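Notes for the one structure printed next.
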Amino acid sequence: VIIEGGDAAGTGIVIDTAGHVVTNYHVVQGQNALKVILKDGTASRATVLGTDPSTDLAVLRTNLPKEAVFPATLGDSSVMRPGDAVFAVGNPYSQPFSVTSGIISATQRTTQSSFTGRSIRDVLQTDAPLNPGNSGGPLLNLNGEVIGINTSIENPNGAWSAGLGFAIPSNTVLKLLPDLIAGKTVSHAQLGVSLLALDEVIAEDVGLGVDRGLYVTSVQPSSAAARDRK
């Protein structure tokens with residue numbers, strides 16, 4: 001589905017016959033008047049039901065008629081491997097229901113949302129062209145199953161696609177859906193430290209006698225780690 005309203009311009013996926021729509025949190029953040037539009041032109045008002053800012057996910061409640069709703073199938077993102085073909089569907093630059101193709105470039109990446117500034121872990125990397133407006137839309141495998149929710153792009157020279165797109169794995173979505181549909185704002189435990197993976201060069205630079213493990217580079221003030229350190 002296409003999502004419009006206020007400053008919102010993105011994409012979503014109908015996930016059940018009740019007309020719930022999953023999308024990115026940053027697409028609907030702070031928006032009060034949302035509308036979703038199906039491919040056949042059917043439209044409905046939508047309200048934000050549940051959110052998880054840490055994974056950039058949100059679920060919307062709609063009034064879409066059941067006869068117009070054809071829920072997507074969420075596949076198993078854990079079986080995706082680099083080189084697997086994928087397709088992205090979305091609303092790039094307000095060009096509705098545009099399809100692009102590519103491959104899975106890598107798995108278990110960490111990216112920072114260019115909209116919320118939050119780090120999102122264990123995402124899929126793809127070279128399928130993604131642009132503003134693709135956010136919240138599906139990344140599909142060759143069976144037409146949703147294996148990811150397109151969420152961000154990286155390009156140091158601008159906002160357009162540079163072949164570095166990231167999608168939240170469908171397995172993460174499936175894990176969080178019950179709480180999101182229940183109208184909850186999902187929270188996650190945070191230790192409050194920044195870590196660096198050690199290797200021989202880093203160990204020598206910081207004067208450590210071991211060259212494998214995690215090196216704490218900073219502790220976030222007022223975090224659990226900061227309290228435990230006192």
Side-chain angles (χ1 to χ4, degrees), residues 1-3 9-16 21-27 39 52-59 70-93 95-177 180 186 188 195 197 199:
V1 301
I2 303 304
I3 299 174
T11 311
I13 304 166
V14 178
I15 53 172
D16 57 25
V21 171
V22 66
T23 187
N24 284 146
Y25 171 71
H26 77 256
V27 170
K39 184 69 166 62
D52 181 12
S54 293
T55 56
D56 200 15
L57 289 173
V59 165
F70 298 92
T73 299
L74 297 179
D76 182 0
S77 55
S78 70
V79 303
M80 301 304 293
R81 297 291 183 267
D84 288 347
V86 289
F87 298 87
V89 181
N91 185 33
Y93 295 114
Q95 300 298 317
F97 304 104
S98 297
V99 181
T100 56
S101 65
I103 61 169
I104 295 293
S105 302
T107 61
Q108 296 183 312
R109 292 295 203 205
T110 296
T111 186
Q112 185 176 40
S113 172
S114 54
F115 299 90
T116 65
R118 296 172 181 266
S119 292
I120 309 173
R121 302 182 183 280
D122 297 324
V123 296
L124 301 172
Q125 180 184 330
T126 180
D127 69 350
L130 303 176
N131 289 284
N134 276 108
S135 293
L139 191 67
L140 304 159
N141 62 18
L142 290 177
N143 294 323
E145 299 168 330
V146 178
I147 50 83
I149 307 293
N150 300 315
T151 187
S152 68
I153 55 178
E154 286 191 14
N155 184 348
N157 298 315
W160 55 89
S161 176
L164 280 171
F166 298 93
I168 304 159
S170 56
N171 286 8
T172 299
V173 180
L174 286 166
K175 178 181 178 181
L176 297 173
L177 269 181
L180 294 173
V186 181
H188 300 266
L195 302 172
D199 59 25

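Given the structure is predicted, the values throughout are model-derived calculations rather than measurements.
Of the inter-residue distances, the one linking Leu139 atom CG with Thr100 atom OG1 reads 8.5 Å to the nearest 0.5 angstrom. Here the CD1-OG1 distance, from Ile147 to Thr73, works out to 13.5 Å after rounding to the nearest 0.5 Å. Once rounded to the nearest 0.5 Å, the distance linking CG of Asn150 with CG of Asn134 reads 6.0 Å. The structure places CG of Leu124 at 10.0 Å from CG of Asp84, a figure rounded to the nearest 0.5 Å. Between atom CZ of residue Phe97 and atom CG of residue Asn91 there is a gap of 7.5 Å, rounded to the nearest 0.5 Å. The CZ atom of Arg109 lies 9.0 Å from the CG atom of Leu164; values are rounded to the nearest 0.5 Å.
Counting all heavy atoms, side chain and backbone alike, Ile153 lies closest to Pro132 at CD1-CD, 4.3 Å. Between Val123 and Pro169, the shortest heavy-atom distance links the atoms CA-CD, 4.0 Å. In terms of heavy-atom proximity, Gly12 sits nearest to Val21 at CA-CG1, 3.8 Å. Residues Gly102 and Ala128 share a closest heavy-atom pair of N-CB, 3.8 Å. Shown here for Ser101 and Pro129, the closest heavy-atom pair between the two residues is O-CD, 3.5 Å. When all heavy atoms are compared, the tightest approach of Thr111 to Glu154 is OG1-OE2, 3.2 Å.
At least one side-chain heavy atom of Ile168 sits less than 4.5 Å from a side-chain heavy atom of Asn24. Within the 4.5 Å cutoff, the side chain of Val22 has heavy atoms near those of the Ile149 side chain. A 4.5 Å side-chain heavy-atom check between Val86 and Met80 finds at least one atom pair inside the cut-off. Taking 4.5 Å as the limit, every side-chain heavy atom of Val14 sits out of range of all side-chain heavy atoms of Phe70. Between Val1 and Thr23, the closest side-chain pair of non-hydrogen atoms is not below 4.5 Å.
Here the side chain of Asn171 pairs no donor or acceptor atom with the backbone of Asp76 at under 3.5 angstrom. In this structure, the side chain of Asp52 does not engage the main chain of Leu57 through any donor-acceptor pair within 3.5 Å. The main-chain N or O of Gly133 is found under 3.5 Å from a side-chain atom of Thr11 such that the two form a donor-acceptor pair. With Ser170 contributing its side chain and Gly75 its backbone, the two residues share a donor-acceptor pair below 3.5 Å. Although no hydrogens or angles enter the test, the distance criterion places no donor-acceptor pair under 3.5 Å between the side chain of Thr126 and the main chain of Ile104.
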Apply side-chain contact (heavy atoms from CB on, under 4.5 Å) to the pair Leu177 and Leu74, showing each step before the final yes or no.
CA-CA 11 Å; Leu177 269 181; Leu74 297 179; 3.9 Å; yes
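Scored by the side chain to side chain donor-acceptor pair (under 3.5 Å) test, Asn141 finds Glu145 as partners (sequence neighbours excluded). Looking at residues two or more places apart in sequence or on another chain, you find a side chain to side chain contact (heavy atoms under 4.5 Å, CB included) between Arg121 and Thr110.
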